[in-house]
Amino acid sequence: MSHAFTLANRVANLGVETAFVVAGQAAAHAAAGNRVYPFHLGDLNLATPAHITEAACRAVKEGKTGYTANVGIVELREALAEEFNRTRNTSYTEANVAVQPGGKPVISKFLLTVMNPGDEVLYPNPGFPIYESQVEFHGGVAVPYGTVPGESNFTFDLDQLERAISDKTRILIVNDLHNPTSAECSAEDRRRIAELAVKYDLMVLLDEAYFDIHYDGQSTSIITEPGMKERSVVLYTFSKRFAMTGWRLGAALGPDEIITIIGKLNVNDESCTNQFVQWAALEALGGDQQPVRDILDILKQRRDLCVDLLNDIEGVSCFRPNATFYLWPDVTEAMLNKGFSTYQEFIESVLKHAGVSMCARSHFGTPLPGESRKYLRLAYSGIELAAIEEGLTKFKAYLES
Ligand code: PLP
């Protein structure tokens with residue numbers, strides 16, 4: 001029986017995370033009996049530290065299975081406020097924290113709280129595809145700014161960002177320690193971003209999903225700059241730091257007036273975040289941090305192996321970023337050598353001939369005018385050293401054949 005129905009107009013503006021499409025193609029290739037080397041998805045193949053899983057089990061056994069306050073249990077909110085005060089020089093209390101089922105929901109809840117239809121929102125492109133999707137879905141206008149190669153890593157194109165500001169610009173989204181390029185702001189960049197935000201009176205979403213995936217030294221948040229605390233909401237997540245992607249736990253931290261509205265959105269959407277997961281998160285923040293250091297050590301070894309192997313391939317060049325678990329090699333010459341002009345054909349052919357599954361620049365937004373170099377994105381968070389070696393050796397053999 002067919003039923004005629006009309007979809008809401010806004011549905012046309014809803015995007016997807018196209019890395020999941022690549023994952024589907026990789027799964028189909030594996031199901032056909034082929035070996036696949038998974039460099040496509042930003043998930044970790046490392047277990048959540050045992051003391052965190054034990055805390056979750058304990059909470060379930062103790063009956064901590066009911067609803068919590070919409071903004072989360074006060075113990076976790078206080079612990080997150082303390083964590084921020086220690087690492088980001090804020091003076092937050094629990095009133096500045098709304099726990100979320102993942103970091104991702106912070107994006108839409110922030111936009112719903114501060115963005116009006118027609119407002120222009122600056123967002124990084126290449127970048128996490130959900131920014132553009134959510135801005136457009138909720139009636140905003142997504143305005144991209146790019147990244148450029150620097151001496152030892154990518155940096156954000158802050159000149160382009162400034163040029164893109166108009167009298168309709170209300171919001172700036174920054175993802176320092178960037179997915180997909182691993183771009184990291186210098187102290188000068190942080191200062192300039194803050195000055196622009198203050199000068200043009202922008203509300204700012206600081207997506208700090210990779211703040212703690214930093215190999216040498218500590219990350220510094222843009223929120224430490226003058227004028228930023230009162231205009232910024234930080235996206236925090238337990239996903240990457242504690243290898244908890246599937247637990248779905250994050251938080252929005254910012255001015256209490258905004259956090260109160262985000263809490264109201266929690267009531268309207270999911271009521272609250274899963275209670276025993278929140279107790280586990282309290283253990284994650286306050287308990288033994290050695291497993292977190294172990295995760296970073298493993299990731300760093302993988303990074304080094306990947307970078308060395310990629311730079312050994314003709315027509316490929318890759319920075320060695322100090323943060324995140326992504327690489328963004330320039331493959332312009334390699335693609336030319338193999339006679340490919342489109343990413344889709346190229347990555348499909350690499351999967352078919354080398355079994356290596358990866359994302360391309362096109363999965364992180366439409367390339368900007370004037371962009372001529374070609375890039376791939378490799379995530380090394382879900383693949384062991386031996387498989388990295390084998391996969392990238394096959395990738396080299398294919399590209400140089
Ligand atoms: N922001 C960025 C830049 C990400 O790469 C991700 C996940 O890949 C997220 C936010 C959301 O992560 P989660 O919802 O697992 O916290």
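Counting starts at 1 for both ligands and their atoms, following the listed order. Here the structure is a predicted model, which means the values were calculated and not measured.
Nearest protein neighbour of atom 11 (C) of ligand 1, counting heavy atoms only, is Lys104 N, 3.9 Å. Looking only at protein heavy atoms, the nearest one to atom 6 (C) of ligand 1 is Phe128 CZ, 3.5 Å. For atom 8 (O) of ligand 1, the closest non-hydrogen atom on the protein side is Lys240 NZ, 2.8 Å.
When heavy-atom distances to ligand 1 are checked against a 4.0 Å cut-off, Phe325 has no atom that comes that close, whether in backbone or side chain.
The closest approach between a heavy atom of Tyr210 and any atom of ligand 1 is below 4.0 Å. Residue contacts with ligand 1 include Arg248, since one of its heavy atoms falls under 4.0 Å from the ligand. Remark: distances from the non-hydrogen atoms of Tyr236 to ligand 1 are all 4.0 Å or more.
A cation-pi arrangement is absent between Arg377 and Phe364, since the terminal nitrogen or guanidinium carbon is not both under 6.0 Å from the aromatic centre and inside a 45° cone about the axis. In this structure, Arg88 forms no cation-pi arrangement with Tyr236, as its terminal cationic atom is not both closer than 6.0 Å to the ring centre and no more than 45° off the ring axis. Cation-pi geometry between Lys352 and Tyr398 is not met: the NZ or CZ atom fails to fall both under 6.0 Å from the ring centre and inside 45° of the normal.
For an aromatic pair to be called close, the ring centres must be under 6.0 Å apart, and Tyr210 with Phe325 satisfies this. The aromatic ring centres of Tyr123 and Tyr131 sit 6.0 Å or more apart. Phe395 has its ring centre no less than 6.0 Å from the ring centre of Tyr37.
Listed by atom number, the atoms of ligand 1 under 4.0 Å from Tyr131 heavy atoms are 3 (C). Close approach of ligand 1 to Ala209 (heavy-atom distance below 4.0 Å) involves ligand atoms 1 (N), 2 (C), 10 (C). Near Gly103, the atoms of ligand 1 lying under 4.0 angstrom from a non-hydrogen atom of the residue are 13 (P), 14 (O), 16 (O). In summary, the atoms of ligand 1 found under 4.0 Å from a heavy atom of Asn175, numbered by their order in the structure, are 3 (C).
Considering backbone and side-chain atoms alike, Leu249 places every N or O at 3.5 Å or more from each N or O of ligand 1. The shortest N or O to N or O distance between Asn179 and ligand 1 is under 3.5 Å.
Remark: side-chain polar atoms of Asn96 are paired, donor with acceptor, to backbone N or O of Gly254 under 3.5 angstrom. Panel note: side chain His178, backbone Pro126; a donor-acceptor pair is recorded below 3.5 Å.
Salt bridge status for Glu83 with Arg86: present, with a side-chain N to carboxylate O gap under 4.0 Å.
When the options Thr237, Asp43, Asp207 are ranked by their closest heavy atom to atom 3 (C) of ligand 1, first place goes to Asp207. Of the listed options Ser239, Pro105, Ala379, Ser239 places a heavy atom closest to atom 15 (O) of ligand 1.
By the 4.5 Å heavy-atom criterion applied to side chains, Asp189 and Leu158 are counted as neighbours.
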